[in-house]
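Whatever order the structure lists them in is the order used to number ligands and atoms, beginning at 1. Given the structure is predicted, the values throughout are model-derived calculations rather than measurements.
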Amino acid sequence: MLSEMPEPSSLPPSVRIVPGGGGLPVARVRGRAGVAEVYLQGAHVTAWAPTGGRSALWMSSLSRYAPGTALRGGVPICFPWFGPHASDPTAPAHGFARRVDWQLAAAHEEGDDVVLAFRLTDTEATRSSAWPHRFEAVYTVTVGSRLTLSLQVTNRDSVPVLFEEALHTYLSVQDIRATTVSGLHDAPFIDRVAGGTALAREAGPVRFAAETDRMYLGTRTATTVTDGAAGRSVAIEKQGSSSTVVWNPWAAKAGAMADFGDDEWTGMVCVETCNVRADAVRLAPGESHTMTAVLEVAR
Ligand code: BG6
């Protein structure tokens with residue numbers, strides 16, 4: 001069991017808690033091998049760069065920073081449902097985890113890496129939400145030359161629980177129109193732009209020429225995002241994840257979002273390590289499940 005929020009004096013010198021956007025507390029990490037920022041609200045990683053590199057993550061210049069409001073960019077944690085709730089239209093999109101404060105339970109240095117552990121458990125508010133269960137989530141963020149994100153969920157209820165989860169990773173690219181995502185060849189997907197539930201099948205790398213919102217199911221493979229215009233790529237390895245979502249809103253949808261700059265859609269792509277729809281996770285009482293994504297930049 002993890003302890004309470006560590007005292008500032010027990011934090012390693014590479015970690016400081018400072019006021020970030022809107023005064024929200026953010027853990028600022030300056031490790032030997034990489035730097036990062038993680039908001040306590042949502043345990044939301046908003047920046048990560050290997051030492052000497054630029055941030056691989058995208059943040060909207062118009063993101064809101066306010067209590068209870070999801071940030072736009074970085075790595076929101078979607079839990080315990082993905083997208084609109086299946087039966088409750090009043091429930092917030094992508095679940096409650098990205099809108100509530102997580103506790104920074106531990107932080108330490110491990111070689112050149114800095115490891116932070118965040119913790120979230122059910123509250124009266126979450127128990128009266130569309131997902132009324134008792135749970136414990138521990139999110140371990142390892143900041144180094146690679147960024148490792150690991151979400152462990154334990155069922156603390158007396159009944160089996162079913163949940164969806166996503167590490168909704170916004171990557172920065174120079175031009176989405178010259179970007180490809182490989183690793184999903186032949187994977188079945190639901191095309192959410194077409195609005196259907198029928199499965200199509202991917203052929204070759206994913207390319208972008210219009211709004212793209214695809215939910216690949218039953219795929220456990222790593223992906224590589226190749227940013228052709230910048231001449232760099234980001235590899236995303238994963239474990240404990242059977243789905244991948246790929247999203248770019250394109251011009252009209254970005255223009256309709258108040259927290260998304262009108263022209264910023266050209267500079268981002270979401271490749272989300274997840275377990276959604278038919279890949280949702282079922283846990284018996286006391287059981288745990290861990291989903292991990294590892295990001296690495298190659299030049
Ligand atoms: C993606 C979904 O994961 O998240 C999209 O596939 C959705 O359908 C997008 O529009 C952003 O969601 P939100 O709730 O952060 O605006």
Checklist line | Residue D213 vicinity, atoms of ligand 1 by number, heavy atom under 4.0 Å | finding: 2 (C), 5 (C), 6 (O), 8 (O)
Item checked: Residue F82 vicinity, atoms of ligand 1 by number, heavy atom under 4.0 Å -> 3 (O)
Notebook entry, point to check: Got a donor-acceptor contact below 3.5 angstrom from the H289 side chain to the G240 backbone?
Noted result: yes
Notebook entry, point to check: Side chain or backbone of R98 under 4.0 Å from ligand 1, or both, or neither, by non-hydrogen atoms?
Noted result: side chain
Notebook entry, point to check: Which atoms of ligand 1 have any heavy atom of A93 under 4.0 Å away?
Noted result: 14 (O)
Note to self: So for atom CG, which belongs to D263, do other residues, nucleotides or ligands contribute more than 12 heavy atoms lying within a distance under 6.0 Å?
What the structure shows: no
Check: Does a sphere of radius 6.0 Å around CZ in R127 hold more than 12 heavy atoms from other residues, nucleotides or ligands, not counting ones at 6.0 Å or beyond?
Finding: yes
Margin query: I'd like to know if the side chain of T51 reaches the main chain of G34, judged simply by a donor and an acceptor atom lying under 3.5 Å from each other, with no hydrogens or angles considered.
Written below: yes
Item checked: Contacting atoms of ligand 1, where contact means under 4.0 angstrom from a heavy atom of K253 -> 10 (O)
Margin query: Considering non-hydrogen atoms of the protein only, which is the closest contact for atom 13 (P) of ligand 1, and what is the distance?
Written below: R72 NH1, 3.7 Å
Item checked: Donor-acceptor contact present, side-chain W265 to main-chain A252, <3.5 Å -> no
Check: Hey, is H168 touching ligand 1 through its side chain, its backbone, both or neither, going by heavy atoms under 4.0 Å?
Finding: side chain
Check: By number and element, which atoms of ligand 1 are closer than 4.0 Å to a non-hydrogen atom of E272?
Finding: 1 (C), 3 (O)
Check: With no hydrogens and no angle check, is any side-chain donor or acceptor of T179 less than 3.5 Å from a backbone partner on D227?
Finding: no
Next item on the list: Could you tell me the residue and atom name of the protein heavy atom closest to atom 11 (C) of ligand 1, and the distance to it rounded to 0.1 Å?
Entry: W247 CH2, 3.6 Å
Check: Is a side-chain donor or acceptor of T212 paired with a backbone partner of A210 at a separation under 3.5 angstrom?
Finding: yes
Notebook entry, point to check: Can you tell me which residue and heavy atom of the protein come closest to atom 2 (C) of ligand 1, and the distance to 0.1 Å?
Noted result: R192 NH1, 3.4 Å
Next item on the list: For atom 12 (O) of ligand 1, find the nearest protein heavy atom and state the residue, atom name and distance (0.1 Å precision).
Entry: H94 NE2, 3.2 Å
Next item on the list: Kindly say whether S243 contributes a backbone atom to a donor-acceptor pair with the side chain of K238 at under 3.5 angstrom?
Entry: yes
